[in-house]
Amino acid sequence: MVFDLTDEQRMIQETARNFAQKEVLPVAAELDETGRFPAELVRQMAELGFMGVAVPEEYGGSGMDNVCYAIAMEEISRACASTGVIMSVNNSLVCDPILKFGSEETRKEFLAPLASGKNLGCFGLTEPGAGSDAGAQKTTAVRDGDCYVVNGTKNFITNAPNADVIVVFTMTDKAKAHKGITAFVADMKSKGISLGKPEKKMGIKASATASVIFEDVRVPAKNRLGGEGDGFKIAMNTLDGGRIGIAAQAIGIARASLEDALAYSKDRKQFGQPICDFQAIQWMLADIATEIDAARLLTWRAAWMKDRKMRHSKESAMAKLCASETAMRAGVKGIQIHGGYGYVREYPAERHFRDAKITEIYEGTSEIQRLVISSALLR
Ligand code: CAA
């Protein structure tokens, strides 16, 4: 067993860390406060090749592996979780299914601009009545000549207000239940697509989330991903990869809690000594650091398996479950170590806590991850 990173993995870690420290961290508090979309950071990430890390170079990506992707995601999210999720959705939930299930024409038309960061993508699976029960899709697509006519509403769609392209899941044959779901790529400027009001969120405020409404939207049949009825498996397969990205995001957030609490504990003096000299603080730091390492190992294992095209549903679910719950515990302890200063906006500890919570919810709640893991155990 080898734990060394390859030269390429080390290189992207260093590049992402430097970029995150110099460019992302200095604006993270302001992005959280204002909810402003970090267009300039997304443009810089595109230049660094972070918007399509594991997409082959011939389709505009960086041609690296999924471990590189997890490494870069962690570094960006360490500085700003909002910027992290913008990157994650584009990589895992949009580029990946187009690469795997799109025709050559679709890849050329949609993938290259997405992977190079010229365009931004979003993923339309969730509906008002289809959250954890992703198979309960109500959005319909009806074939009409060389198009499908799409009607329905997707909600909680990350990146939607800034996106150029959507991967959208629809019901083409209700009688077949989840086997009647079909996926498409659609241009967000298509006639009949409109957006709901951006959601006011607890955390990851600089990543915009909104409903996407489809009213008689004509989507060319050539934009279909896979065949009719393949949509549910495409969604699940895509989320297997997406959960690696969210696990890495959660590790970044947990690290932010740890590193900020560590620095504060060396600085803050009580009873005549830095609080890091107290065992009560040391144990909290030790627990967070241990959990972060465990979560990272699970995440890199899932990414490693994805690179080898091994089924990794269980491993991705374990990584996301462990990393997101680690981020929450790290957030709680990070605030506790800061005491009263952890509860006020002057320090970033409370931002990390607020940002951590969503990682236990999106791309499958912790309860759904436990379901995926236990189903694999019982299979
Ligand atoms: N890969 C390929 N196929 C898969 C699969 C996978 N990982 N998981 C299941 N399948 C297949 C099964 O083999 C089965 O195939 P057959 O019908 O041929 O037998 C079929 O899919 C149905 O499987 P299940 O019976 O297990 O399906 P289910 O209805 O019980 O649902 C679930 C399973 C795990 C609960 C699933 O619905 C799920 O993951 N729900 C959570 C949805 C989710 O994560 N949403 C996130 C939205 S996106 C988001 O959050 C983005 C963002 O904002 C950043």
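Just follow the structure's listing: the first ligand is 1, and inside any ligand the first atom is 1.
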Problem set entry | Sequence neighbours excluded, every pair satisfying ring-ring contact (aromatic ring centres under 6.0 Å, His included) that has a member inside residues 52-74 | none
Exercise. Aromatic ring centroids of Phe169 and Phe184 under 6.0 Å?
Worked result: no
Exercise. Do you know which two heavy atoms are closest between Asp65 and Glu8, and how far apart they sit?
Worked result: N-OE1, 4.3 Å
Problem set entry | NZ/NE/NH1/NH2 to OD/OE distance under 4.0 Å, Glu47 and Arg43 | yes
Problem set entry | Pair Glu199 + Lys205: basic N to acidic O under 4.0 Å | no
Problem set entry | Residue contacts for ligand 1, heavy atom to ligand atom, distance under 4.0 Å | Val89, Leu93, Phe123, Thr126, Gly131, Ser132, Ala134, Thr158, His178, Lys179, Phe232, Lys233, Met236, Asn237, Leu239, Asp240, Arg243, Arg311, Ser313, Tyr362, Glu363, Gly364, Ile368, Leu371, Val372
Problem set entry | Test item: side-chain donor near acceptor, Arg301 and Thr299, under 3.5 Å | no
